[in-house]
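Have a look at the structure below, then the notes.
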2 protein chains.
Amino acid sequence: MSQSVERALGILPLLAQGPAGLGAVADELGVHKSTALRLLRTLNEHGFVYRCPDGRYRLGARLFALAAEAIENLDIREVARPHLAELNQATGHTVHLALHQDDEVVYVDKVDSRYPVRMYSRIGRPVPLTVAAVAKLLLADLPEAERRALAHRIDYPRYTARSTPDAEAFLRELDLVREQGWATDLGGHEESVNCLGAPVRGPDGRVVAALSVSAPGVVVTAEGLLELLPQVLRTAGAISQDYSGVQERTA
Amino acid sequence: MSQSVERALGILPLLAQGPAGLGAVADELGVHKSTALRLLRTLNEHGFVYRCPDGRYRLGARLFALAAEAIENLDIREVARPHLAELNQATGHTVHLALHQDDEVVYVDKVDSRYPVRMYSRIGRPVPLTVAAVAKLLLADLPEAERRALAHRIDYPRYTARSTPDAEAFLRELDLVREQGWATDLGGHEESVNCLGAPVRGPDGRVVAALSVSAPGVVVTAEGLLELLPQVLRTAGAISQDYSGVQERTA
DNA sequence: AACGACCGTTGCAGCCGACGCAACACGCCC
DNA sequence: GGGCGTGTTGCGTCGGCTGCAACGGTCGTT
């Protein structure tokens with residue numbers, strides 16, 4: 001839509017992969033150096049890009065600040081936090097909270113496991129759509145047409161032998177998840193890690209978020225994890241209720 | 001420099017404070033609605049802005065993803081991580097790693113305390129410049145002129161009675177920190193939390209990062225925390241060495 | 001020391017892309 | 001139904017952005 005903005009935004013993913021000089025940025029964007037310079041300068045003035053002492057460019061502090069601030073302001077987080085902490089306290093496992101935006105599912109909060117062996121994840125990081133329990137929960141609630149379109153649009157990486165192989169299998173899985181009201185990821189992303197998740201619903205009954213507990217097989221078996229289902233469902237229900245209660249929060 | 005980009009970037013901080021409608025954004029920017037619409041659309045196409053079902057705009061997932069990716073790629077992090085984990089293992093306290101960019105100091109990694117009472121912090125979040133141990137370490141290494149300019153440019157919020165009160169006190173503190181090679185924050189940010197930090201130096205001897213251990217007074221006294229100084233210094237030294245060894249990593 | 005290669009920076013003219021206007025299309029409440 | 005407050009579209013005009021070319025700096029090389 002807006003050329004210069006588009007180009008400027010295109011710079012950011014480039015720099016996310018690592019620092020780069022003016023020339024490299026210009027080449028990558030396919031524009032003249034002077035153009036790239038102007039864009040980088042404006043980005044720099046606003047703190048989105050940081051100029052290293054050696055002249056190369058990196059992503060700037062402002063970006064991190066914004067992301068942090070935005071995450072703070074996601075209201076579901078505030079409501080959910082105490083419940084997540086409680087679930088973590090009760091089970092000892094890592095607890096995640098995730099949201100759906102566009103074609104991505106992102107973790108917006110987590111409470112780390114008390115066990116030394118922890119699952120690797122990071123707040124703000126996109127979740128593998130086809131295997132993660134929270135992703136299945138969030139996507140299963142989409143209207144049918146949208147769900148089908150999405151299922152055929154995305155890729156199906158074979159993280160492990162148990163990863164969802166294709167769109168058909170994924171849609172079947174989503175149907176199952178929607179029906180039973182909870183979801184699992186049994187070694188679909190990393191061979192030795194299992195997850196169990198449940199949906200958080202808004203006042204209109206639609207799924208607005210999803211939470212999950214994750215634990216490596218060495219800590220608890222898949223069967224053992226499934227025994228936590230009632231607790232997980234109860235926590236998700238409690239958050240749903242709290243969230244529907246407060247409801248409007250027009251900033 | 002570049003008008004449209006500048007405007008587009010101006011939108012993001014607005015939305016960080018909470019969701020807003022098209023009209024509100026246009027008013028705030030001082031531009032026509034149609035202009036704001038185009039900017040929002042481009043931001044939206046790139047995932048930096050997310051359109052709520054109710055038509056309002058929020059910050060988008062891409063922003064989180066970028067921030068996460070960039071933080072992953074900060075190479076000091078990778079080098080430091082095992083050392084931080086070790087320090088955490090040995091002491092049990094929360095360990096932070098921070099960097100300096102422009103006028104901000106940001107946490108880029110942390111390992112949580114094993115104690116139930118934890119200090120509140122978040123990766124990517126700006127650190128209070130005037131009191132945090134890591135901030136003092138990073139700023140103390142600036143060239144004198146820059147240090148003085150910065151000291152007079154920033155604010156001195158009185159978080160607690162022990163917060164640094166003004167520029168003069170701050171500069172004195174920085175001199176002390178630079179000389180002794182380590183820094184503390186004894187209740188300067190939150191009354192009951194103490195920190196002890198040390199600098200990580202690059203191949204040229206300049207401070208490139210800072211780490212700290214933090215613990216609430218209920219877990220360990222300030223004196224007890226100070227006894228960890230040798231360990232903290234050793235860890236910082238080990239990271240410096242590793243970092244200077246690998247050195248070049250031109251992406 | 002002089003050279004050349006490379007990178008970042010500046011001024012400028014032309015042109016295209018962004019701007020604001022005005023009109024339209026919705027949903028809502030008085 | 002009429003008024004409002006949204007968000008949206010098409011269009012002409014002007015201005016901001018673009019790419020060029022030329023400059024200045026810092027290396028490494030001969």
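Because only heavy atoms are used, hydrogens play no part in the values below, and waters and symmetry mates are left out as well, while side chains stay in. In what follows, chains carry the letters A, B, and so on, assigned in the order in which the sequence lines appear, proteins first and then strands, with residues in each chain numbered from 1. The shown structure was predicted, so the numbers you read here are calculated from the model rather than taken from an experiment.
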Under 4.0 Å between a side-chain nitrogen and a carboxylate oxygen: does that hold for A:D141 and A:R206? yes

Which sits closer to the 5' end of DNA chain D, B:G55 or B:S2, going by the nucleotide each is nearest to? B:G55

Residue closer to the 5' end of DNA chain C, B:S4 versus A:Y57 (nearest nucleotide): A:Y57

DNA chain C: stems of at least 3 consecutive Watson-Crick or G-U pairs whose donor-acceptor distances fall under 3.5 Å: C:4-29 with D:2-27

Gap separating the CG atom of B:L43 from the OH atom of B:Y50, nearest 0.5 angstrom: 16.0 Å

Is the shortest side-chain heavy-atom distance between B:L174 and B:K136 below 4.5 Å? yes

Regarding A:R172 and A:D175, does a basic nitrogen lie under 4.0 Å from an acidic carboxylate oxygen? no

Separation of atom CZ in A:R56 from atom C1' in C:dC6, rounded to whole Å: 16 Å

Tell me whether A:E28 at atom CD has more than 12 heavy atoms from other residues, nucleotides or ligands lying less than 6.0 Å away. no

Rounding to a whole Å, what distance do you find between B:L22:CG and D:dT9:C1'? 13 Å

Is it true that a side-chain atom of A:R77 and a backbone atom of A:D109 form a donor plus acceptor pair closer than 3.5 Å? no

How are the rings of B:F170 and B:Y156 set to each other: parallel, tilted or perpendicular (split at 30° and 60°)? perpendicular

Below 4.0 angstrom, which residues in residues 32-43 of chain A have at least one non-hydrogen atom near DNA chain C? A:K33, A:S34, A:L37, A:R41

Below 4.0 angstrom, N of the basic side chain to O of the carboxylate: do B:D103 and B:R153 qualify? yes

Nucleotide D:dT18, atom C1' - distance to CD of B:Q3 in whole Å: 15 Å

Taking only side-chain nitrogens and oxygens of B:R7, does any of them come within less than 4.0 Å of OP1 or OP2 of D:dG16? no

